[in-house]
Number of protein chains: 2
Amino acid sequence: MDKPDYQLIIVGGGPAGLTAGLYAARGRIQTLLIEKGATGGQVLVTDWVDNYPAFAEGVAGFELMDKMTAHADRFGLEKKFAAVESMDLRGDLKRIRLDSGEELTCEAVIICTGARPRKIEAPGEKELQGKGVSYCATCDAPFYRDQEIAVVGGGNTAIQEALHLTKFAKKVTVIHRRDSLRATAILQEKAFAEPKIDFIWNAQISEIVGQDSVEAVRITYNDDSTATLPVTGVFILIGVVPNNDMLPLDQLQTDESGFLITDSEMVCAGLSGVYAAGDIRSKLFRQIINAAGEGATAELSAEHYLSNCPTA
Amino acid sequence: MDKPDYQLIIVGGGPAGLTAGLYAARGRIQTLLIEKGATGGQVLVTDWVDNYPAFAEGVAGFELMDKMTAHADRFGLEKKFAAVESMDLRGDLKRIRLDSGEELTCEAVIICTGARPRKIEAPGEKELQGKGVSYCATCDAPFYRDQEIAVVGGGNTAIQEALHLTKFAKKVTVIHRRDSLRATAILQEKAFAEPKIDFIWNAQISEIVGQDSVEAVRITYNDDSTATLPVTGVFILIGVVPNNDMLPLDQLQTDESGFLITDSEMVCAGLSGVYAAGDIRSKLFRQIINAAGEGATAELSAEHYLSNCPTA
């Protein structure tokens with residue numbers, strides 16, 4: 001085998017990738033982390049993180065990611081800011097091609113490319129993200145005590161989270177583009193029985209309005225009539241999309257939504273020397289703390305692979 | 001079903017239990033965390049934690065656990081300091097019996113009772129833990145740059161970690177009670193080829209010596225002859241033992257060492273409403289950060305179970 005450029009390449013610099021990078025650099029594995037933007041991932045657009053354990057008073061998203069980056073940097077993690085165009089993960093020598101045309105080789109790869117919430121693509125959505133627009137009720141529900149909020153969606157996640165939000169909010173209006181929910185019967189029953197939950201059927205949000213934070217949503221019904229609903233928060237819970245464009249999906253096993261299937265030690269199904277951690281994994285719950293935990297596990301799995309590999 | 005005392009009971013207050021407790025309290029699940037000693041688990045006896053992501057300069061073990069405890073407390077987590085004697089986890093109503101005789105009931109249980117390293121039971125071992133005596137090379141290897149250290153054990157973990165330690169230490173002496181290693185052939189080959197690794201065969205540590213930190217180990221050979229080896233660190237890597245005395249092992253599925261088998265969402269195999277997180281799980285890598293991540297996942301799984309449960 002040709003001598004690889006690195007022992008380990010980590011693709012993606014969110015909480016999973018940074019934790020894998022911290023462990024790898026600290027473990028003196030010859031490692032490169034490739035990130036296309038700034039390190040921090042989705043957390044960078046998270047205003048305030050209240051559930052990363054041991055930051056007892058909460059922490060701004062960018063500050064938490066600054067600290068994670070500094071932590072990996074302290075152990076000398078090498079980083080490259082570039083977009084990955086394609087990968088070949090078969091065989092002992094893995095190949096990562098950047099959009100500059102440069103090709104890098106390595107013995108092990110950890111995929112931490114993350115995921116992104118499905119957007120409603122309404123005016124105001126992007127501008128007010130983290131300022132009343134949220135894609136994670138688990139993360140942000142407690143910030144909406146005694147407020148009136150909207151939930152967009154009709155699936156299991158949307159209805160379960162609408163129920164969760166009633167523990168905090170004064171009123172929760174579920175806005176759904178159809179006339180019935182997709183959520184399971186028991187969740188529907190609970191939602192219909194919950195006095196704090198209202199429903200707006202056959203409608204979509206056409207604009208999210210607010211100066212410094214969300215003040216209202218404009219609603220357009222399927223019959224083109226419109227209305228305005230004053231709310232201080234909008235939870236958009238219509239699905240999560242994997243960042244898998246640059247991945248060789250013919251070599252990897254994915255679930256029906258395109259998320260990567262791994263075993264409990266983060267080994268990608270059907271490949272050796274390839275790991276995944278964080279939001280790109282096929283799993284139910286996407287949180288900063290479990291992404292970080294998976295990053296550590298993936299890196300230790302990779303170290304284990306490298307030390308049991310005759311050529312490494 | 002009788003009304004349970006709690007929706008959720010978490011057994012064990014280390015990083016996994018505290019994170020589950022933080023998520024549960026923040027999610028307004030009616031929760032009790034039961035801990036027999038002080039919250040913090042194994043980390044309380046960890047001198048310095050250098051790999052909990054975002055604590056970039058490192059943090060004392062007790063301080064990290066103080067912060068995790070304060071974080072859960074901030075959201076009002078109810079805690080009870082008591083020893084669990086037995087549990088009945090079958091059926092919809094789970095029963096937890098304390099050694100006081102008190103019985104508590106709940107709908108869901110998260111088991112976070114942890115594990116402990118197997119000790120050599122030599123004089124000085126306990127006194128010098130965290131002061132040169134370590135049970136985790138991943139955690140502590142970088143603290144031993146250019147030092148001479150000993151590793152106890154002959155299995156895969158011991159030999160892989162001895163190799164890992166050579167990246168930092170000047171010299172690593174593997175002390176093994178037999179005349180050959182149990183580790184796989186490739187690890188043995190690498191260890192024998194590594195000039196920094198020495199072996200002491202057919203011998204055990206009979207005492208760990210040091211005033212404020214480890215200064216030497218006294219070795220007793222199988223033929224009763226003795227020697228002294230000056231070292232500043234001793235890594236005891238002879239296995240991990242699950243804290244499962246209080247668990248109903250006839251109701252839970254375990255691996256051959258007694259660790260709990262879960263799926264990737266931390267659901268205990270063969271039971272509903274029962275979860276496990278952290279070191280008590282059957283897994284390869286036991287770290288603070290992945291215990292915490294599993295605690296969050298387990299709690300969200302439990303919330304999902306409770307909200308999809310007609311009686312909850």
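Proteins get letters first, then strands, A, B, ... in listed order; numbering begins at 1 in each.
When the candidates B:Glu294, B:Lys67, B:Arg286 are compared by the number of heavy-atom contacts under 4.5 Å with chain A, B:Lys67 comes out ahead. Ranked by heavy-atom pairs under 4.5 Å with chain B, the first of A:Gln160, A:Glu57, A:Met68 is A:Gln160. Of the listed residues (A:Ala70, A:Gly293, A:Ala54), the one with the most heavy-atom contacts under 4.5 Å to chain B is A:Ala54. Chosen from A:Ala72, A:Ala137, A:Gly27, A:Ala292, the residue pairing most often with chain B at heavy-atom distances under 4.5 Å is A:Gly27. Ranked by heavy-atom pairs shorter than 4.5 Å toward chain B, the options A:Cys139, A:Ala291, A:Ala185, A:Gly295 are led by A:Cys139.
Residues B:Arg281 and A:Ser264 share a closest heavy-atom pair of NH2-CB, 4.2 Å. B:His71 and A:Pro53 make their closest contact through ND1-CA, 3.6 Å (heavy atoms, listed as atom of the first residue, atom of the second, distance). Nearest heavy atoms, A:Gly58 versus B:Arg74: N-NH1, 3.7 Å.
Heavy atoms closer than 4.5 Å to chain A are found in both the backbone and the side chain of B:Leu64. Only the side chain of A:Leu22 comes within less than 4.5 Å of a heavy atom of chain B; its backbone N, CA, C and O stay farther away. Proximity to chain B involves both the backbone and the side chain of A:Asp50, based on heavy atoms less than 4.5 angstrom apart. Proximity to chain B involves both the backbone and the side chain of A:Thr297, based on heavy atoms less than 4.5 angstrom apart. Of the atoms belonging to B:Ala141, not a single heavy atom falls under 4.5 Å from chain A. With a 4.5 Å cut-off on non-hydrogen atoms, B:Thr138 touches chain A through its backbone and its side chain both. In this structure, no portion of A:Glu189 lies under 4.5 Å from any heavy atom of chain B.
At distances below 3.5 Å, not a single donor-acceptor pair connects side-chain atoms of B:Gln287 with backbone N or O atoms of A:Ala296.
Residues A:Asn51 and B:Phe75 form no side-chain contact, since every pair of their non-hydrogen atoms from C-beta on lies 4.5 Å or further apart. Using a 4.5 Å cut-off on side-chain heavy atoms (C-beta onward), A:Arg28 and B:Pro142 make no contact. Side-chain contact between B:Ile29 and A:Lys167: present, with at least one pair of heavy atoms (C-beta onward) separated by less than 4.5 Å. Side-chain contact between B:Ser307 and A:Leu187 is present, with at least one heavy-atom pair separated by less than 4.5 Å.
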Check step by step if side chain to side chain contact (heavy atoms under 4.5 Å, CB included) holds for B:Asn308 and A:Lys190. CA-CA 9 Å; B:Asn308 283 278; A:Lys190 289 187 180 184; over 6 Å; no
Can B:His304 and A:Thr157 be said to form a side chain to side chain contact (heavy atoms under 4.5 Å, CB included), step by step? CA-CA 10 Å; B:His304 188 261; A:Thr157 300; over 6 Å; no
Walk me through whether B:Leu284 and A:Ser301 qualify under side chain to side chain contact (heavy atoms under 4.5 Å, CB included). CA-CA 8 Å; B:Leu284 285 178; A:Ser301 287; 5.6 Å; no
Where do A:Ile289 and B:Tyr23 land on the side chain to side chain contact (heavy atoms under 4.5 Å, CB included) test, with the steps shown first? CA-CA 11 Å; A:Ile289 187 65; B:Tyr23 267 74; 3.7 Å; yes
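With a 6.0 Å cutoff to the six-membered ring centre and a 45° limit on the axis angle, B:Arg26 does not count as a cation-pi contact of A:Tyr52.
Centroid-to-centroid, the aromatic rings of A:Phe55 and B:Phe55 come within less than 6.0 Å.
A:Met266 CE to B:Asn290 CG: the interatomic distance, rounded to the nearest 0.5 Å, is 8.0 Å. Considering CD of A:Glu303 and NE2 of B:His164, their distance stands at 5.5 Å, rounded to 0.5 Å.
The residues A:Lys283 and B:Asp263 are annotated as not salt-bridged, no charged nitrogen and carboxylate oxygen being separated by less than 4.0 angstrom.
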